[in-house]
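Below is one structure, written out as structure tokens, with a few remarks after it.
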There are 2 protein chains.
Amino acid sequence: MQLDQAKEKFIQTWGTLGSNWGINRTMAQVHALLLVSPEPLSAEDIMEQLTISRGNANMNIRALIDWGLVYKELKSGERREFFSAEKDMWKVFKQIAKERRKRELEPIFKVLNDISQVEGDPKDPNYQAFVQSIGGIQKFAGQADDFLSKVIKADEHWFFNTLLRFMK
Amino acid sequence: MQLDQAKEKFIQTWGTLGSNWGINRTMAQVHALLLVSPEPLSAEDIMEQLTISRGNANMNIRALIDWGLVYKELKSGERREFFSAEKDMWKVFKQIAKERRKRELEPIFKVLNDISQVEGDPKDPNYQAFVQSIGGIQKFAGQADDFLSKVIKADEHWFFNTLLRFMK
DNA sequence: TTTTATTTTCAATAATTTTTGAAAGTTTAA
DNA sequence: TTAAACTTTCAAAAATTATTGAAAATAAAA
């Protein structure tokens with residue numbers, strides 16, 4: 001396979017992967033493109049290589065920067081902005097975990113907490129099932145959150161070597 | 001808060017959560033409804049409670065069954081089918097991990113393997129960046145897969161107690 | 001300043017995904 | 001058998017989400 005084909009296939013695959021996980025396809029494609037580019041690219045470069053509009057490129061680049069997955073680079077003597085992606089997959093993973101934790105887990109805790117205050121007849125099976133189910137979810141979410149907070153701080157070598165070995 | 005409101009809020013929240021993770025909103029809502037129902041529900045019940053059409057209910061129930069998150073229950077003397085959800089969150093989590101691993105990780109390995117065979121000039125920085133980036137992703141994906149395969153087999157108590165303690 | 005280069009915004013449009021509902025299919029009971 | 005109860009399918013419609021492109025905003029250079 002030639003480089004161009006391989007690049008194209010990677011960008012498409014990464015885009016599909018993203019959309020399976022609730023991430024806009026183009027955003028994932030921009031990320032993929034930056035992942036395999038040796039040098040930072042300008043908005044123009046990205047527009048051309050992915051054949052997308054200026055507005056689309058801009059929005060998705062900004063979103064990637066918000067997620068902490070892409071960095072803005074300033075080249076001296078150059079007026080326009082250049083962008084590069086974090087290529088260390090462990091860092092990418094931790095950054096996504098961190099952001100999703102903040103953006104999603106936190107709001108869910110709030111809702112779970114609110115609805116677990118539900119009032120009702122303790123003899124009503126609907127009430128019982130509700131309280132029990134929400135309780136189970138709360139407990140799980142709390143444990144998952146503890147685990148995540150540790151993963152976010154962990155070092156890759158420790159995580160995959162030490163931990164994986166411990167897990168037998 | 002009253003039970004009906006709490007239920008409604010839970011169903012909406014679970015639906016939003018699902019769509020953030022690439023799962024159709026209605027599918028997540030059906031799952032939520034079954035999670036908080038003490039008794040299995042019929043398709044008719046689900047249609048009414050979520051005010052969705054028969055076709056929509058049917059499709060999403062089937063999808064949940066495919067994911068192994070919902071079970072079909074047969075009541076003797078009843079002709080229609082009833083459905084119930086797995087309420088143990090650890091099992092739910094493991095089931096989702098198992099399915100996504102099969103549906104997504106496996107195809108990605110295949111693509112990564114194909115494109116890592118790319119031919120090119122070892123002096124070309126584009127080629128170097130590509131090979132290196134894909135290599136890093138492959139390595140990470142392999143380790144993540146090993147980890148996942150262990151999680152899928154793990155017991156909840158062991159995972160959260162023993163492991164969480166070990167992670168300090 | 002004013003001009004020029006570049007980035008951002010956002011209403012309109014396009015593309016995609018989801019939902020509906022009626023018809024076809026299936027299964028059980030009479 | 002035939003009829004009734006229930007489930008599945010799928011083309012059309014609706015809803016949602018993403019994209020465009022041109023105008024407005026911003027920033028640097030002249």
Side-chain angles (χ1 to χ4, degrees), chain A residues 11-34 39-67 70-84 103-104, chain B residues 11-34 39-67 70-84 103-104:
Chain A
I11 290 169
Q12 295 311 326
T13 303
W14 208 244
T16 303
L17 180 66
S19 58
N20 279 156
W21 288 85
I23 287 139
N24 151 338
R25 184 205 260 42
T26 304
M27 180 170 156
Q29 289 179 340
V30 172
H31 187 229
L33 174 60
L34 292 175
E39 292 296 326
L41 302 181
S42 67
E44 205 85 23
D45 295 334
I46 294 169
M47 288 165 57
E48 278 171 20
Q49 297 209 42
L50 300 178
T51 51
I52 59 175
S53 71
R54 183 172 301 286
N56 197 9
N58 185 268
M59 285 190 67
N60 286 298
I61 292 167
R62 296 305 136 190
L64 284 163
I65 292 174
D66 276 354
W67 275 86
V70 161
Y71 311 122
K72 188 189 285 192
E73 311 248 340
L74 301 170
K75 285 194 188 174
S76 60
E78 271 282 11
R79 191 151 156 186
R80 61 214 153 122
E81 300 173 324
F82 289 81
F83 307 97
S84 65
R103 297 176 191 209
E104 293 168 27
Chain B
I11 291 169
Q12 295 311 326
T13 304
W14 208 245
T16 304
L17 180 67
S19 57
N20 279 156
W21 287 85
I23 287 138
N24 149 343
R25 182 206 264 32
T26 304
M27 180 170 157
Q29 289 179 340
V30 172
H31 187 230
L33 174 61
L34 293 173
E39 293 296 326
L41 302 181
S42 67
E44 205 84 23
D45 294 333
I46 293 169
M47 287 165 57
E48 279 170 21
Q49 298 209 40
L50 300 178
T51 51
I52 58 175
S53 71
R54 184 172 301 286
N56 197 7
N58 185 269
M59 283 189 68
N60 286 297
I61 292 167
R62 296 305 135 190
L64 283 162
I65 292 174
D66 276 355
W67 275 86
V70 161
Y71 310 122
K72 188 187 286 191
E73 311 250 339
L74 300 169
K75 285 193 189 176
S76 60
E78 273 282 12
R79 188 149 158 190
R80 66 218 146 119
E81 300 173 326
F82 290 81
F83 307 97
S84 65
R103 297 177 191 208
E104 294 167 27

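Chain identifiers are assigned alphabetically (A, B, ...) following the order of the sequence lines, protein sequences preceding nucleic acid strands; residue numbering begins at 1 within each chain.
- Side-chain N/O atoms of A:R79 and base N/O atoms of D:dA27 include a donor-acceptor pair closer than 3.5 Å.
- Going from atom NZ of B:K75 over to atom P of D:dA5 covers 19 Å, rounded to whole Å.
- For B:R54 and C:dT20, the shortest distance from a side-chain N or O to OP1 or OP2 is not below 4.0 Å.
- Spacing between atom CZ of B:R62 and atom C1' of C:dT19 amounts to 17 Å, rounded to whole angstrom units.
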field: CA sep, side-chain torsions, deciding dist, call: A:R79, A:E44, salt bridge (Lys or Arg N to Asp or Glu O under 4.0 Å)
entry: CA-CA 13 Å; A:R79 191 151 156 186; A:E44 205 85 23; over 6 Å; no
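- A:N56 has a side-chain polar atom (N or O) that falls below the 4.0 Å cut-off from OP1 or OP2 of D:dT20.
- Across the protein-nucleic acid pair, A:M47 atom CE and D:dA22 atom C1' stand 13 Å apart, rounded to whole Å.
- Classification of the A:W21-B:W21 ring pair by plane angle, with boundaries at 30° and 60°, yields perpendicular.
- Proximity of B:R80 to the phosphate of D:dT7: no side-chain N or O atom is located under 4.0 Å from OP1 or OP2.
- Residue contacts for B:E44: at a heavy-atom cut-off of 4.0 Å it reaches no nucleic acid atom on any strand shown.
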CA sep, side-chain torsions, deciding dist, call: B:I61, B:L34, side chain to side chain contact (heavy atoms under 4.5 Å, CB included): CA-CA 10 Å; B:I61 292 167; B:L34 293 173; 5.9 Å; no
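- In this structure, CD1 of B:I46 is placed 14 Å from P of C:dT20, rounded to the nearest angstrom.
- For residues 23-34 of chain B, proximity to DNA chain C is found at B:N24, B:T26, defined as any non-hydrogen atom under 4.0 angstrom from a strand atom.
- Taking CH2 of A:W67 as the start and CE of A:M27 as the end, the distance is 6.5 Å to the nearest 0.5 Å.
- Atom CE of A:M59 is separated from atom P of D:dA22 by 18 Å (rounded to the nearest Å).
- Applying the 4.0 Å criterion to OP1 and OP2 of D:dT8, one finds that B:N58 has a side-chain N or O inside that range.
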